[in-house]
Amino acid sequence: MLFPMVMSKFLWGAILFKMSEEIRVRFAPSPTGYLHVGGARTALFNWLWARKTGGKFVLRIEDTDEARSTVESVNGMLHDLKWLGLDWDEGPEYGEGIDPYKQQKGDKGPYFQSQRLEIYQKIAHELMDKGIAYPCFCTDEELEEKRKKAEEEHRSVHYDGTCRNLTKEEAQKRIDAGEPYTIRVRVPQKDYVLEDEVRGRVEWKAGTLGDFIILRSSGMPVYNFCVVVDDALMGITHVVRAEEHLTNTHRQLILYEALGMKPPRFSHASLILGPDKSKLSKRHGATSVGQYAEEGFLPEAMINFLALLGWNEGNDREIYSVKELIDCFELSHISKSPGVFDKDKLMWMNGQHLRAMPVDELIPLVAPLLKKAMPDDKRLDDPVILHKLVELIQVKMTLLTDAPEVAKTFFEASEPENDEARAIIETEKSKKLFEALAVEFEKCDWVREGYNASIKAASKIAEVKGKDLYMPIRVKITGSCHGPELVGILDVLGREETIARLRK
RNA sequence: GCCCCCAUCGUCUAGCGGCCUAGGACACAGCCCUUUCAAGGCUGCGACAUGGGUUCGAAUCCCAUUGGGGGCGCCA
């Protein structure tokens, strides 16, 4: 008995291999003007899956709610996605002077729902012609009434099917008379089963859902309908999205069946929560990716953090590069329980990525911030000094935006920061030390060995050592009791500046 | 009200019946390193929601309860 089983396994493998089509995933945000971290994580999971499998990542804009949709709001979204490094293979183009509505890439477009209205309308009417859907003439008021009544009688608030059994002729007559109507699908009386990649088997019993609208009386399609039509037409093979859509899947399975299409594989990740465990929203602070970019977070840290919030490889690993994530990512390892967005951990992670970064890569990120904080400082234009400076402050930064503050503590000459600092440099011994050191510095080689020797020599002359030696020098030169290592500071400042500060 | 999902330290999580007196990370505290502050290293603090089963054995499987979340729209 073992042999046939093994055989069939091989056979299945072969068939699956042959049948396996290109994997196509999508991210379908509404154009709200910015990318929410929850959306970013959804986009990331999709993107990782596409990149891991060599598939395609499609970007589709769900803008049937036209009011919010403008070039600016779309670009805001695309900008954030680009910043994260989540590039898409199909969808609107992004860039200076590009109109995302007009310039799109991919052959399954258009990728704006607002540009696909005829498609939805045509399909909705086809379904109606086939009797899979039907026109409903119930008015808003009537429906509201029914809902109320159902609630009072403790029945479920489904549509009662008033227009379900209208004859074709009767319906046509009312349509011809110009009566407004919506199109509803006839929901089959049967159970539906979803085999979710992360949640496993999810079942809906027959009768838990009433006939629902797919096309409004205005001719505008409804979300669940658009999604299914688009996903089907765009050849989406895997839908990865947040848990809030889990119950929508029931309707969507019905619609796939109505269209005679095979549904994609679904993966429902859970929600991202705020510190109070309610769904992450603006009142919890920064929720848009753009805000984190401005605060000085690195895209690779953001990616790493978001990936680990709701996904893990099954081990203790915390730090991943983007490439490593692509290699390790599996849909089945997405976690089922919701997670709190922990900014402290994000900060830590940012520090990890920041410190792991080669100085040459860090310089272009930090230089503009330094330049902005110290616009008149010519030294920043010197690549050698800039390199030394960034190298020195790298270990002291958590965020990119920490750079100016850390640099300023020693890069710019300043008065003692407080009385404690002032007291340190105003002792007689300290004053003696500074002069001795200035003299030594004038004649030494300006390399680490040189000024280390000078400090030693001055130490003997002024009869101070240890903390009484280094702290006064630090305070005299920088004005602060804290900062990067002293010899590094000397490296950056150079001989002239250092001596000038000692003698000031 | 009905439907669906979820449940391990404060937080993110490992765990998929014996390796668990439950491991790692963030945060917190202490120590070490160090001319300072960081960074780094070490140590500590700290959790299987509750109640029933199943089993020789349960964080792990099943059922209830409780708690959280989502949905039930001519919103997306």
Side-chain angles (χ1 to χ4, degrees), chain A residues 28-30 32 62-65 68 113 136 138-140 143-144 147 150-159 180-184 194 196 198-200 202-205 207-210 212-224 226-227 242-251 268 270-271 273 275 277-279 305 308-319 335-349 351-352 354-355 393-398 402 406 409 455 465-475 478 480-487:
Chain A
S30 323
T32 48
E62 309 217 323
D63 61 343
T64 35
D65 183 9
R68 282 190 291 186
Q113 288 189 333
C136 171
C138 297
T139 63
D140 244 343
L143 291 171
E144 191 50 45
R147 243 190 302 270
E151 236 165 80
E152 277 164 20
E153 292 169 12
H154 294 293
R155 289 181 288 110
S156 27
V157 290
H158 307 145
Y159 177 61
Y181 65 98
T182 59
I183 299 182
R184 307 186 96 106
L194 164 67
D196 195 273
V198 340
R199 273 153 218 280
V202 179
E203 274 184 351
W204 291 276
K205 292 278 176 230
T208 49
L209 195 61
F212 56 92
I213 290 171
I214 56 175
L215 204 72
R216 292 180 254 240
S217 52
S218 63
M220 290 295 283
V222 153
Y223 168 75
N224 279 301
C226 299
V227 170
E243 193 192 338
E244 52 199 333
H245 293 290
L246 187 58
T247 39
N248 281 329
T249 313
H250 185 191
R251 290 155 190 259
H268 286 96
S270 46
L271 263 22
L273 273 24
K277 298 222 173 197
S278 71
K279 187 174 166 175
F305 176 74
L308 249 43
L309 183 56
W311 171 85
N312 68 80
E313 202 187 334
N315 56 27
D316 291 340
R317 192 158 173 201
E318 301 276 349
I319 301 297
S335 62
K336 295 191 271 200
S337 45
V340 173
F341 189 94
D342 182 1
K343 195 169 173 182
D344 282 338
K345 189 147 184 178
L346 209 209
M347 298 260 264
W348 168 78
M349 206 164 256
Q352 295 295 311
L354 204 63
R355 259 163 255 125
I393 63 176
Q394 181 175 25
V395 74
K396 314 244 342 155
M397 296 163 55
T398 299
D402 291 337
V406 177
T409 58
I455 291 170
K465 56 183 181 179
K467 211 167 176 175
D468 294 332
L469 167 64
Y470 286 96
M471 194 47 87
I473 299 174
R474 168 181 297 282
V475 174
T478 71
S480 173
C481 297
H482 308 302
E485 54 161 356
L486 190 58
V487 289

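Within every chain, numbering begins at 1; the chains are lettered A, B, ... in the order of the sequence lines, protein sequences first and strands thereafter. Quick note: numbers below take in every heavy atom, side chains included, and nothing from hydrogens, waters or symmetry partners.
Counting any heavy atom pair closer than 4.0 Å across all strands shown, I213(A) reaches a base atom. The residue E313(A) sits apart from the nucleic acid: no heavy atom pair falls under 4.0 Å. Among the atoms of the strands shown, only primed sugar atoms or phosphate atoms (P, OP1, OP2) are found under 4.0 Å from some heavy atom of G310(A). Across all strands shown, E485(A) has heavy atoms under 4.0 Å from base atoms, whether or not it also approaches the sugar-phosphate. Across all strands, R474(A) comes closer than 4.0 Å to base atoms (heavy-atom distances). Using a 4.0 Å heavy-atom cutoff across all strands shown, R317(A) reaches no nucleic acid atom at all. Nucleic acid contact for D468(A): none, since no nucleic acid atom lies under 4.0 Å from a heavy atom of the residue.
When each of rC6(B), rC26(B), rA76(B) is scored by its nearest atom to the side-chain atoms of D342(A), the top-ranked nucleotide is rC26(B). Counting only heavy atoms from C-beta on, R184(A) has its side chain closest to rC74(B) among rC5(B), rC3(B), rC74(B). Among the nucleotides rG24(B), rG69(B), rC74(B), the one closest to any side-chain atom of K345(A) is rG24(B). Among the nucleotides rG69(B), rA76(B), rC72(B), the one closest to the side chain of H158(A) is rC72(B). Among rC74(B), rG69(B), rA76(B), the nucleotide with an atom closest to any side-chain atom of H245(A) is rA76(B). The side chain of V222(A) lies closest to rC74(B), out of rC74(B), rC6(B), rA25(B). In this structure, of rA76(B), rC6(B), rC5(B), it is rC5(B) that holds the atom nearest to the side chain of E243(A). Closest to the side chain of V340(A), from the set rC6(B), rU11(B), rA25(B), is rU11(B). Closest approach to the L486(A) side chain among rU36(B), rU35(B), rC5(B) is made by rU35(B) (side chain taken as heavy atoms from C-beta onward). In this structure, the nucleotide among rA76(B), rG70(B), rU11(B) sitting nearest to the side chain of Y223(A) is rA76(B).
Across rG44(B) and rA58(B), the matching P atoms stand 29 Å from one another, rounded to whole Å. On the C1' atoms, rU50(B) is 26 Å away from rC45(B), given to the nearest whole Å. Using atom P as the reference point in both rA59(B) and rG70(B), the two lie 31 Å apart (nearest Å). The separation of rG10(B) from rC3(B), taken at their P atoms, amounts to 33 Å, rounded to a whole angstrom. Distance noted for atom P between rG40(B) and rC26(B): 8 Å (whole Å). Here the separation of rU8(B) from rG68(B), taken at their C1' atoms, is 16 Å to the nearest Å. Distance check on atom C1': rA25(B) versus rG15(B) gives 16 Å, rounded to whole Å. rC63(B) and rU54(B) have their C1' atoms separated by 11 Å, with the value rounded to a whole Å.
If you check distances only, the side chain of D316(A) does reach the base of rG23(B) with a donor-acceptor pair under 3.5 Å. Within 3.5 Å, no donor on the side chain of T247(A) pairs with an acceptor on the base of rC3(B), nor the reverse. Contact of E244(A) with rG71(B) (side chain to base): no donor-acceptor pair of N or O atoms is detected under 3.5 Å.
In this structure rC9(B) sits in no base pair that meets the Watson-Crick or G-U test at under 3.5 Å. Look at rG40(B): its Watson-Crick or wobble partner, with both distances under 3.5 angstrom, is rC32(B). Pair assignment for rC2(B) gives rG71(B), based on Watson-Crick or G-U wobble hydrogen-bonding distances that are each under 3.5 Å. Shown here, rU65(B) forms a base pair with rA49(B); the pair counts as Watson-Crick or G-U wobble because both key distances fall under 3.5 Å.
If you measure from atom CG of D402(A) to atom P of rA39(B), you get 11 Å, rounded to the nearest angstrom. The CG-C1' distance, from L308(A) to rU11(B), rounds to 13 Å in whole Å. Following rounding to the nearest Å, H268(A) (NE2) and rC5(B) (P) show an atom-to-atom distance of 12 Å. The interatomic distance linking Y159(A) (OH) with rC3(B) (P) rounds to 23 Å, in whole Å. Atom pair I393(A):CD1 and rU36(B):P shows a separation of 21 Å (rounding to whole Å applied). I319(A) has its CD1 atom 14 Å from the C1' atom of rU13(B), to the nearest Å. In this entry the distance linking NZ of K277(A) with C1' of rA49(B) reads 11 Å, nearest Å. Rounded to whole Å, the distance from CE on M471(A) to P on rU36(B) is 7 Å.
Where V198(A) and P275(A) meet RNA chain B, the nucleotide closest to each residue was compared, and V198(A) sits on the side nearer the 5' end. With RNA chain B read from its 5' end, the first of the two nearest nucleotides for T208(A) and G314(A) is the one closest to T208(A).
Contact annotation: N312(A) reaches the phosphate of rA14(B) (side-chain N/O to OP1 or OP2, under 4.0 Å). Here S335(A) reaches the OP1 or OP2 of rU13(B): one of its side-chain N or O atoms lies under 4.0 Å away. OP1 and OP2 of rG68(B) both lie 4.0 Å or more from every side-chain N or O belonging to K279(A). S270(A) has no side-chain polar atom (N or O) that falls below the 4.0 Å cut-off from OP1 or OP2 of rC6(B).
Side-chain contact between Y223(A) and N248(A): present, with at least one pair of heavy atoms (C-beta onward) separated by less than 4.5 Å. At least one side-chain heavy atom of L308(A) sits under 4.5 Å from a side-chain heavy atom of M349(A). The shortest distance between side-chain heavy atoms of C136(A) and I213(A) does not fall below 4.5 Å. Contact check for L209(A) versus W204(A): no side-chain heavy atoms found under the 4.5 Å cut-off. The shortest distance between side-chain heavy atoms of I214(A) and V222(A) does not fall below 4.5 Å.
With T478(A) contributing its side chain and S480(A) its backbone, the two residues share a donor-acceptor pair below 3.5 Å.
Tested against H250(A) for a side chain to side chain contact (heavy atoms under 4.5 Å, CB included), the candidates V202(A), T208(A), N224(A), L194(A) yield a single pass: T208(A).
The line from CD of Q352(A) to OG1 of T398(A) is 10.0 Å long, rounded to the nearest 0.5 Å. Distance check: Q394(A) CD to L354(A) CG gives 6.0 Å after rounding to the nearest 0.5 Å.
Stacking here means ring centres nearer than 5.5 Å and ring planes tilted less than 30 degrees, and by that measure Y470(A) stacks onto rU35(B).
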Would E243(A) and K279(A) satisfy salt bridge (charged side-chain N to carboxylate O under 4.0 Å, His left out), going step by step from the backbone distance to the final call? CA-CA 12 Å; E243(A) 193 192 338; K279(A) 187 174 166 175; over 6 Å; no
